[in-house]
Amino acid sequence: MSLVLASSSPRRKKLLEDGGFTFEIEKPSYDERHLRLSPAEIYTMQLALQKAMSVKEKRPEDVIVAVDTVVVLGEKILGKPKDRAEAEEMLRAMKGRRHRVISAYAVLGEEKYVDYDQSFVCFEDFTEAQMKAYLDKNTYMDKAGAYGVQEIDEFKITVEGALDTVIGMHVASIEAQLKGMKGADRER
Ligand SMILES: Cc1cn([C@H]2C[C@H](O)[C@@H](COP(=O)(O)OP(=O)(O)OP(=O)(O)O)O2)c(=O)[nH]c1=O
């Protein structure tokens, strides 16, 4: 039995490694276009579960962890931008507005568990030049909400709650589930 992180995100790999876990990586397959929009927490948990299940099918004996992160501005769920124009639109919409970042996770061992964590983020009032400087780094495309809190130094960002929830997964939650779960006792 191995612990498997169902993710192609280098940030998630790093967060779990920094948590001291030994694990393997498998790329999940999922298609969010088949999901109807539901309240953000539920939508995000469904995506995490879909990712985890796609790997669990291939590795039924293993313990699978998968996560999905979205940014929620008001009622709107923001995923990854499709291009720079959409990234600009997302960042402008978030300027000076506190928003939520949800990281939902699924842990599938012998027992199964799905839940989410959330943190709140606020950007200070940035200028167009500051936004351009950030986007010119070209790191925004694979990030929910078109930003990586860990790589913005062009303007100030306040985070309420755990930072790793914003970056891609709250390791303490995963750890708590792995500890208490039948069939998920893991090496560390
Ligand atoms: C808001 C925010 C998101 N992100 C990242 C975390 C996620 O990798 C990404 C959201 O996309 P996801 O669809 O959650 O994950 P992913 O496609 O990168 O990886 P996986 O293979 O696990 O499905 O945005 C940051 O790195 N920093 C941030 O501040």
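Start at 1 and go down the list; that is how both ligands and their atoms are numbered. Owing to the predicted nature of the structure, the values given are computational and were not obtained by experimental measurement.
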A.B. asks: Answer with yes or no whether the hydrophobic clustering places Phe120 together with Val72; edges join I, L, V, M, F, W, Y residues whose side-chain heavy atoms lie under 4.5 Å apart.
C.D. replies: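 Hydrophobic grouping puts Phe120 apart from Val72.
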A.B. asks: Is there a nitrogen or oxygen of Pro28 sitting under 3.5 Å from a nitrogen or oxygen of ligand 1?
C.D. replies: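 No, Pro28 has no N/O under 3.5 Å of an N/O on ligand 1.
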A.B. asks: Check ligand 1 against Val149 and write out every atom of the ligand that is under 4.0 Å from a heavy-atom position of the residue.
C.D. replies: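 Result: 27 (N), 28 (C), 29 (O).
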A.B. asks: Hey, does Gly148 come in under 3.5 Å of ligand 1, counting only N/O atoms on both sides?
C.D. replies: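 In fact, backbone or side chain, Gly148 has no N or O that close.
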A.B. asks: Taking non-hydrogen atoms only, is Tyr140 closer than 4.0 angstrom to ligand 1 via side chain, backbone, both or neither?
C.D. replies: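 Answer for Tyr140: neither.
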A.B. asks: With heavy-atom distances below 4.0 Å as the criterion, list the atoms of ligand 1 near Ser9.
C.D. replies: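 Going through ligand 1 atom by atom, the ones under 4.0 Å from Ser9 are 8 (O), 18 (O), 19 (O), 21 (O).
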A.B. asks: Quick one: look at Val121 and ligand 1, take heavy-atom pairs under 4.0 Å, and tell me if it's side chain, backbone, both or neither.
C.D. replies: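 For Val121, no heavy atom sits under 4.0 Å from ligand 1.
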A.B. asks: Is there a donor-acceptor pair under 3.5 Å between the side chain of Gln118 and the backbone N or O of Val101?
C.D. replies: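 A pair under 3.5 Å: no.
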A.B. asks: Run the ring-centre check on Tyr116 versus His170 and record whether the distance is less than 6.0 Å.
C.D. replies: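 Not close enough - the centres of the two rings lie 6.0 Å or further apart.
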A.B. asks: Any idea which part of Lys51 is under 4.0 Å from ligand 1, heavy-atom wise: side chain, backbone, both or neither?
C.D. replies: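 Looking at Lys51 and ligand 1, just side chain atoms fall under 4.0 Å.
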A.B. asks: For the backbone of Phe126 and the side chain of Gln130, can you confirm whether one donor and one acceptor N or O come within less than 3.5 Å of each other?
C.D. replies: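 No.
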A.B. asks: Just need the protein heavy atom nearest to atom 21 (O) of ligand 1, so name the residue and atom and give the distance.
C.D. replies: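 Protein heavy atom with the smallest distance to atom 21 (O) of ligand 1: Ser8 N, 2.6 Å.
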A.B. asks: Check each atom of ligand 1 against the heavy atoms of Asp142 and keep those under 4.0 Å away; list them by number with element.
C.D. replies: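 This gives 9 (C), 24 (O) as the contact atoms.
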A.B. asks: Compare Val71, Thr69, Leu47 and give the one whose heavy atom is closest to atom 14 (O) of ligand 1.
C.D. replies: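 Selected option, by shortest heavy-atom distance: Thr69.
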A.B. asks: Just to be sure I read this right, does ligand 1 sit under 4.0 Å from the backbone of Lys143, its side chain, both, or neither, counting only heavy atoms?
C.D. replies: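 It is both backbone and side chain that touch ligand 1.
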A.B. asks: Could you check atom 11 (O) of ligand 1 against the protein and tell me its nearest heavy-atom contact, residue, atom and distance included?
C.D. replies: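 So the nearest neighbour among protein heavy atoms is Lys80 CE, 3.1 Å.
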A.B. asks: If you group Ile, Leu, Val, Met, Phe, Trp and Tyr by side-chain heavy-atom gaps below 4.5 Å, do Phe21 and Met169 land in one group?
C.D. replies: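 Cluster IDs for Phe21 and Met169 match.
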A.B. asks: Would you say the side chains of Glu151 and Tyr134 form a donor-acceptor pair under 3.5 Å?
C.D. replies: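 Side chains of Glu151 and Tyr134: pair found under 3.5 Å.
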A.B. asks: Would you verify whether the NZ or CZ of Lys95 falls within 45 degrees of the ring axis of Phe123 while also being under 6.0 Å from that six-membered ring's centre?
C.D. replies: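 So Lys95 doesn't make the cation-pi contact.
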A.B. asks: Take atom NZ in Lys76; do more than 12 heavy atoms of anything else shown fall under 6.0 Å from it?
C.D. replies: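 Atom NZ in Lys76 is not packed in, count stays at 12 or less.
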